[in-house]
2 protein chains.
Amino acid sequence: MSRNKAVPERRLHHPDRDEIRLESVLSALSDPIRLRIVRELARGHDDMACIAFDLPVSKSTSTHHFRVLREAGVIRQYYEGTSRMSRLREDDLEARMPGLLSAVLGAE
Amino acid sequence: MSRNKAVPERRLHHPDRDEIRLESVLSALSDPIRLRIVRELARGHDDMACIAFDLPVSKSTSTHHFRVLREAGVIRQYYEGTSRMSRLREDDLEARMPGLLSAVLGAE
DNA sequence: ACGCTCGTACGATACATGTCGTACTACGAA
DNA sequence: TTCGTAGTACGACATGTATCGTACGAGCGT
């Protein structure tokens with residue numbers, strides 16, 4: 001009745017649009033690795049597997065960062081075979097925090 | 001040659017405009033208490049003493065939050081008698097991260 | 001001179017977070 | 001069926017952070 005170990009969640013939890021909290025989004029975006037992920041997603045690579053990012057961290061750390069972004073409501077993830085695809089929730093973010101994402105992406 | 005204890009810094013360190021980093025600003029704004037401070041500052045109370053905020057934390061914690069905001073470049077602080085006044089660095093933030101502050105303030 | 005108030009510094013503490021390695025699963029291909 | 005690859009879960013660890021209380025300093029008023 002219980003899975004012992006390392007069974008990946010088939011149901012990925014995503015907050016609803018109106019559950020997205022400003023603090024969580026800001027917190028999620030305040031990490032350089034996650035900012036890099038978001039920038040790459042915005043740079044036209046709309047649907048990317050995690051592996052495609054070539055991040056300077058281990059696989060487990062990478063998983064961690066993607067989860068933080070997903071649980072904050074910044075990205076949406078879905079399975080595609082053995083890969084997990086990610087895409088920015090631009091519309092939801094724009095609806096809840098107009099201008100925030102583009103300001104973050106535009107900075108620097 | 002050294003001050004033993006609790007000598008307040010006469011020189012408050014503020015980052016220059018071009019030293020303000022996006023990650024630090026986002027991190028500074030991702031705390032509810034600090035967000036509240038920033039909102040109040042934006043709400044017209046341009047120059048406020050720390051005490052005037054009536055925050056739900058102790059004095060020392062309050063000091064901590066103001067320092068985080070100052071060192072991230074979000075506010076500027078200066079002494080006025082025994083009080084320390086704070087003001088938003090709106091121009092600097094706008095120059096470095098156009099639209100960010102208003103997006104944060106507008107959200108919710 | 002004396003006390004009052006605003007704020008700091010410091011130490012302690014509890015909790016959150018970023019990081020990793022290892023063991024594992026799920027899926028697709030040979 | 002067997003293997004390789006993408007990604008997860010878990011435990012461990014170090015570091016960062018939010019919080020507090022206490023002791024103190026700097027100005028102002030009396």
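Note: hydrogens, waters and symmetry copies are ignored here, and every other heavy atom, side chains too, is used.
- For C:dG18, the OP1/OP2 oxygens have a side-chain nitrogen or oxygen of A:Arg34 closer than 4.0 Å.
- Within the structure, a side-chain polar atom (N or O) of B:His65 is placed less than 4.0 Å from OP1 or OP2 of D:dT19.
- In this structure, CZ of A:Phe66 is placed 18 Å from C1' of D:dA9, rounded to the nearest angstrom.
- In this structure, the CD1 atom of A:Ile33 is 10 Å from the C1' atom of C:dT19, given to the nearest Å.
- Note that the OG atom of B:Ser86 and the CD1 atom of B:Ile37 stand 7.5 Å from one another [nearest 0.5 Å].
- Distance NZ (A:Lys59) to C1' (D:dG11): 17 Å, rounded to an integer number of Å.
- As rounded to whole Å, 11 Å separates atom P of D:dT17 from atom CD of B:Glu71.
- The distance from atom CD of A:Glu80 to atom P of C:dA26 is 19 Å, rounded to the nearest whole Å.
- For the pair B:His64 and B:Arg34, the tightest heavy-atom approach, listed with the atom from each and the gap, is NE2-NH1, 4.3 Å.
- Residue B:Ser58 places at least one side-chain N or O closer than 4.0 Å to OP1 or OP2 of D:dC20.
- Atom-to-atom distance recorded for A:Thr61:OG1 and A:Leu55:CG is 10.0 Å, nearest 0.5 angstrom.
- Close to C:dG7, at under 4.0 Å from its OP1 or OP2, lies no side-chain N or O of B:Thr63.
- To the nearest angstrom, P of C:dG18 lies 12 Å from CG of A:Leu29.
- B:Val68 and B:Met85 sit in two unconnected hydrophobic clusters of ILVMFWY residues. Membership requires side-chain heavy atoms under 4.5 Å apart, directly or through other members.
- Rounded to a whole Å, the NE2 atom of B:His64 is 15 Å from the P atom of C:dC10.
- Along DNA chain C, the nucleotide closest to A:Val68 and the one closest to A:Gly81 are compared, and the more 5′ of them pairs with A:Val68.
- Between A:Thr82 and D:dG7 there is no side-chain N or O to OP1 or OP2 distance below 4.0 Å.
- Across all strands, A:Val57 comes closer than 4.0 Å only to sugar-phosphate atoms, never to a base (heavy-atom distances).
- Side-chain atoms of B:Ser60 come within donor-acceptor range of the base of D:dG21, with a qualifying N/O pair under 3.5 Å.
- At the phosphate of D:dA9, OP1 or OP2 sits under 4.0 Å from a side-chain N or O atom of A:Arg67.
- Looking at every heavy atom in both residues, B:Arg70 comes nearest to B:His13 through NH1-O, 3.0 Å.
- A straight line from CG of B:Leu55 to P of D:dC20 spans 11 Å, rounded to a whole angstrom.
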